[in-house]
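Every heavy atom of this structure was used, including side-chain atoms; hydrogens, water molecules and symmetry mates were not. We're numbering straight along the sequence, starting at 1.
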Amino acid sequence: MGSSMDRSRCVLLLAMLVASPALAASFDPASTFEVQCSGCHSVGRGVVVGPDLAGVTSRHPPEWLHAFIRSSQGMVKKGDEAAKTLFGKFGKVMPDHDFSDEQIDTLLRFIASGGPKPPARFRLARTATPAEMARGQALFTGAAPLAHGGPPCSGCHSAGPERVWRGATLAADLTRVYERYPDAWLTRALLESRYPLMAVYRDRPLTDDEAFALKAFLYRSSRSEAPADPLSSTVPPFFLGIGGSGIALWLARRSRRRPEGVE
Ligand code: HEC
Ligand code: HEC
């Protein structure tokens, strides 16, 4: 037992030494998947030429996946039942891939974490990870700088149940703004800096990723458990109690006040 442990540790060490850091760094699972797998596979978007790979890491043990990705036909020829069944079902040959174990593991982790993400511009805020929402908060407050040098949102807005940025009263409190607009509308509003006072961003536009992170932060703050502070909230408190019709009425009133050129 002990000696086999030692041996596997040794193999691991050797593997780490052999795998050149430069090579390991240049293996990007997203672009590899895009170039070498996505023509035949999706992750969670249905069958393409081969099966949908969502959940594939729980359908097969890792050794099987390694062997199959290297040579699916080799597995079929060896008489592996699972490989034969899959080939029988899809009737197409999956090409062999000359990847290292480390590269396959990286690829499998990428698949297990949901695979390719749609471009930030088209992502819904609710698909954001907690880290992306936290980044949005950092961008909002100025804790993290915006790539093109725009001012932090907290210079004019407050947001979040924490009300840390209460001081900024020049423009609307954005805590609940996510509830009031369609997700894609907010993305466009942020990328196109539609409001006159937000013209500061025209020369220093937000990147797609920044707009997404900020939207994700606004999404999180709109869903937070903490009750909106009735004094600084832009949602009139009496509408909070009466639900959909009240909000709709208020939205209708609000849309008449929107600046020109904004639908
Ligand atoms: C030319 C099309 C094609 C390409 C490219 C391709 N595959 Fe496949 N893949 C298939 C087909 C077809 C199957 C079904 C089994 C078979 O035909 O052997 C399959 C099956 C699989 C399976 C088993 C799925 C299951 O549901 O059990 C995995 C895992 C897999 N492929 C991973 C990959 C990965 C990772 C890549 C990219 C490195 C890739 N494939 C590239 C066509 C392809
Ligand atoms: C220079 C001041 C300023 C800065 C900085 C600023 N905004 Fe604004 N923002 C405004 C003004 C003014 C409006 C128009 C509506 C209002 O008065 O609240 C507005 C409107 C908005 C709206 C629509 C609000 C609504 O209720 O319809 C959103 C969303 C928004 N801003 C997000 C942001 C984000 C995200 C940032 C940071 C990237 C930001 N703003 C930075 C001034 C600013």
Side-chain angles (χ1 to χ4, degrees), residues 118 120-146 150-202 205-263:
R121 204 172 263 257
F122 300 117
R123 279 179 71 193
L124 295 174
R126 65 178 153 76
T127 66
T129 62
E132 284 166 330
M133 295 182 190
R135 182 169 129 76
Q137 173 166 338
L139 293 170
F140 191 94
T141 61
L146 293 165
C153 320
S154 63
C156 301
H157 294 284
S158 58
E162 302 89 351
R163 287 291 193 278
V164 173
W165 311 286
R166 191 196 276 276
T169 51
L170 179 60
D173 175 274
L174 299 179
T175 306
R176 306 264 169 218
V177 77
Y178 186 84
E179 290 166 1
R180 308 205 312 262
Y181 297 112
D183 187 283
W185 189 93
L186 263 184
T187 302
R188 269 169 50 207
L190 292 179
L191 288 173
E192 294 167 13
S193 348
R194 295 178 168 219
Y195 292 91
L197 265 176
M198 287 174 66
V200 281
Y201 295 104
R202 291 218 181 101
L206 301 173
T207 66
D208 280 18
D209 283 347
E210 286 170 346
F212 177 73
L214 286 162
K215 183 176 74 172
F217 163 64
L218 294 175
Y219 168 77
R220 190 189 69 186
S221 78
S222 78
R223 313 211 52 183
S224 105
E225 299 289 314
D229 174 346
L231 286 177
S232 60
S233 171
T234 52
V235 179
F238 73 100
F239 280 130
L240 286 174
I242 58 178
S245 60
I247 304 256
L249 190 84
W250 178 73
L251 250 174
R253 279 180 25 198
R254 178 106 196 151
S255 63
R256 262 186 269 132
R257 297 204 329 245
R258 271 182 205 159
E260 228 188 305
V262 177
E263 330 115 7

Value rounded to 0.5 Å, distance of [atom1] in [X] from [atom2] in [Y]:
X      : Y      : atom1 : atom2 : value
Phe212 : Asp183 : CZ    : CG    : 8.0 Å
Phe122 : Thr127 : CZ    : OG1   : 13.5 Å
Leu218 : Arg223 : CG    : CZ    : 14.0 Å
Leu214 : Leu139 : CG    : CG    : 5.0 Å

So which heavy atom on [X] is nearest to which on [Y], and how close?
X      : Y      : result
Glu132 : Ala213 : O-CB, 3.7 Å
Ala125 : Tyr219 : CB-CB, 3.5 Å
Leu190 : Ala211 : CD1-O, 3.7 Å
Met133 : Phe217 : O-CB, 3.8 Å
Lys215 : Arg123 : NZ-O, 2.7 Å

Looking at Ala216, is its backbone amide N or carbonyl O close enough to the side chain of Tyr178 to form a donor-acceptor pair, meaning the two atoms are under 3.5 Å apart?
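Absent.
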
Donor-acceptor pair, side chain of Ser158 and main chain of Asp173, under 3.5 angstrom:
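Side chain of Ser158 to backbone of Asp173: no pair is present.
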
Between Asp209 and Thr207, does any side-chain donor sit less than 3.5 Å from a side-chain acceptor?
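Looking only at side-chain atoms, Thr207 and Asp209 do not form any donor-acceptor pair under 3.5 Å.
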
Is there side-chain contact between Leu146 and Tyr201, with heavy atoms separated by less than 4.5 Å?
yes

Could you tell me if the side chain of Arg121 sits less than 4.5 Å from the side chain of Arg188, heavy atoms only?
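SC-SC contact between Arg188 and Arg121 ruled out.
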
Worked check of side chain to side chain contact (heavy atoms under 4.5 Å, CB included) between Leu174 and Phe140:
CA-CA 11 Å; Leu174 299 179; Phe140 191 94; 3.9 Å; yes

Just do the side chain to side chain contact (heavy atoms under 4.5 Å, CB included) check on Gln137 and Arg220 with the steps written out, would you?
CA-CA 10 Å; Gln137 173 166 338; Arg220 190 189 69 186; 2.4 Å; yes

